[in-house]
Amino acid sequence: MALAGVRVVELAGLAPAPFCGMILADFGAKVIRVDRTKVAMAMDTQARGKRSVAINLKTSEGVALLRKLCVQSDVVLEPYRKGVMEKLGLGPQELLKENPRLIYARLTGYGQRGSYATAAGHDINYIAMSGLLSRLGRSGEKPYAPLNLLADFAGGGLTCAMGIVLALLERTKSGKGQIIDASMVEGAAYVGSFVWKSRSIGMWDRSRGENMLDSGAPFYDTYQTSDAKYMAVGAIEPQFYKQLLKGLELDAGALPPQMSFIDWPELRRIFTERFASKTQSDWSKIFDGTDACVTPVLSFDQVSSHPHNQERASFIKDSSGEESPRPAPVLSRTPAEPCVASDPVIGEHTVEVLEEYGLTSAQIDQMLTAGVVECNAVKAKL
């Protein structure tokens, strides 16, 4: 796999950092998640392919152990607010002195500098600060925060993973590591670069929800079918719009022009009425094989059974039968090989990992007895 041989230490967190760690693991990196001790269960639902070590960071021995793991690794991934790692004496400056090749990724909402650097926040706050939230929502309604995807995952975990891979690539030339300051506000804004940069061509001149790509246009929207399901329509270009009207059995000559803003409400009414006359399956049969840009809105229960997704094996199941997306993109020579084993329980691999990092059995036993680390390997096998 592409990242085979790369050692990653991921400090346990929520959502964005675990996703970043899972991406790295999916593509071959050895990712060790460092959990706290005395925690009943992990909140990490994106632990695929990771191993867990439980360390008590309230002890000086635990901090020293974490330092040892970090400086012997290629990447440190930490999700804490500014200053937390520095208080432990494990900030990037300290660790890079011991291992100049270390890549230290800091994934936070507001970044390491600025007046909000130490402030709490969530995806909705970050996309609000990025400017994107002001553009999301239906006409006449308040801004609408979608699922926590834009900042947490697109602008957070995925962007941070890209930063790590870039730093790994650069290290092959310089031999040096570096610090990655991944701000979810900036990551989300960067993901939204098209919206920012297309303002100059008038794509967003109208109010929120009244432009072509923000649900304003009737030919770029979703419509309910007779069986209470939905179809997605994205027939922007004239040739695709022509195919849409053909599938809906509508006469273009009897309709207002496609780009007549003032007539969009009437076109939407006509499309709504027409889509409501057939089931999702009926419309799928009508539009499959055409260039109308009309597709069914598939539920999680439907996606893996769709012929296209089946052909590409776009969704996989783990050992417990739980379904999830296959890692993307697909590399021709070194594709991801996602682990299908159960996610690790906290401390499941403590002894195994510490042995790999050079600790003796006697040292590990002493740490277990002192409560510096925990191992739940036996519990995991029951």
Side-chain angles (χ1 to χ4, degrees), residues 1-10 12-13 15-33 42 44-53 73-77 79 101-103 105 107 147 149-150 152-173 177-178 180 182 187 190-191 288 295-296 298-344 348-349 352-353 356:
M1 289 187 280
L3 296 178
V6 175
R7 278 180 162 186
V8 180
V9 170
E10 173 195 324
F19 179 54
C20 179
M22 187 181 76
I23 293 170
L24 302 176
D26 282 342
F27 285 89
K30 291 184 177 181
V31 179
I32 299 165
R33 187 186 70 206
D44 181 6
T45 60
Q46 298 163 102
R48 184 169 64 207
K50 302 175 187 177
R51 293 184 293 170
S52 170
V53 172
S73 297
D74 296 288
V75 179
V76 171
L77 172 58
R101 291 174 56 82
L102 182 66
I103 292 160
L107 177 52
L147 296 174
L149 296 174
L150 286 175
D152 280 357
F153 300 106
L158 184 60
T159 300
C160 186
M162 179 182 71
I164 290 169
V165 172
L166 291 173
L168 286 168
L169 176 62
E170 193 280 335
R171 193 179 70 176
T172 64
K173 305 169 188 176
Q178 57 185 305
I180 298 168
Y190 191 41
V191 167
D288 272 3
T295 51
L298 301 176
S299 68
F300 279 21
D301 293 332
Q302 292 176 295
V303 288
S304 62
S305 60
H306 188 279
H308 176 78
N309 293 336
Q310 277 187 329
E311 288 172 28
R312 289 183 57 82
S314 300
F315 295 84
I316 58 176
K317 288 185 179 181
D318 64 17
S319 57
S320 65
E322 183 175 300
E323 195 168 56
S324 61
R326 181 183 68 177
V330 178
L331 304 184
S332 63
R333 288 191 302 102
T334 55
E337 296 176 14
C339 176
V340 295
S342 299
D343 288 350
E348 180 177 345
H349 306 96
E352 173 187 320
V353 168
E356 286 182 15

Non-hydrogen atoms of [X] and [Y] that approach each other most closely:
| X | Y | answer |
| --- | --- | --- |
| Ile180 | Ala167 | CD1-CB, 4.2 Å |
| Arg48 | Pro338 | NE-CB, 3.8 Å |
| Val31 | Gly21 | CG2-O, 3.6 Å |
| Ile23 | Gly157 | CD1-O, 4.3 Å |
| Phe27 | Met1 | O-CB, 3.3 Å |
| Ala17 | Pro79 | CB-CB, 3.7 Å |

Verify, without hydrogens or angle tests, whether [X] (side chain) and [Y] (backbone) share a donor-acceptor contact under 3.5 angstrom.
| X | Y | answer |
| --- | --- | --- |
| Ser319 | Val340 | yes |
| Asp318 | Ser342 | no |
| Arg171 | Arg101 | yes |
| Gln46 | Ala15 | yes |
| Asn309 | Ser314 | no |
| Ser73 | Leu102 | no |
| His349 | Val53 | no |

**Report entry** Name of the residue among Val75, Ile32, Asp74, Leu3 meeting side chain to side chain contact (heavy atoms under 4.5 Å, CB included) with Val8
**Finding:**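 Going through Val75, Ile32, Asp74, Leu3 one by one, the side chain to side chain contact (heavy atoms under 4.5 Å, CB included) with Val8 is satisfied by Val75 alone.
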Quick one: [atom1] on [X] to [atom2] on [Y], what's the gap to the nearest 0.5 Å?
| X | Y | atom1 | atom2 | result |
| --- | --- | --- | --- | --- |
| Met162 | Cys20 | CE | SG | 11.0 Å |
| Lys50 | Asp26 | NZ | CG | 9.5 Å |
| Phe153 | Thr159 | CZ | OG1 | 12.5 Å |
| Leu168 | Ile103 | CG | CD1 | 3.5 Å |
| Leu77 | Ile164 | CG | CD1 | 5.0 Å |
| His308 | Leu298 | NE2 | CG | 11.0 Å |

Report task. Take Asp301 and Ser299 through the side chain to side chain donor-acceptor pair (under 3.5 Å) test and state the conclusion after the steps. Result -> CA-CA 5 Å; Asp301 293 332; Ser299 68; 4.8 Å; no
Query raised in the report: Counting heavy atoms not belonging to Glu352, are there more than 12 under 6.0 Å from its CD?
Result: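 Enclosed: over 12 neighbouring heavy atoms sit under 6.0 Å from CD of Glu352.
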Query raised in the report: Hey, does Glu10 have a side-chain heavy atom less than 4.5 Å from the side chain of Leu24?
Result: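 Result no, sub-4.5 Å side-chain heavy-atom pair not found.
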Query raised in the report: So, Asp44 and Arg33, do they make that salt bridge, N to O below 4.0 Å?
Result: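 Yes.
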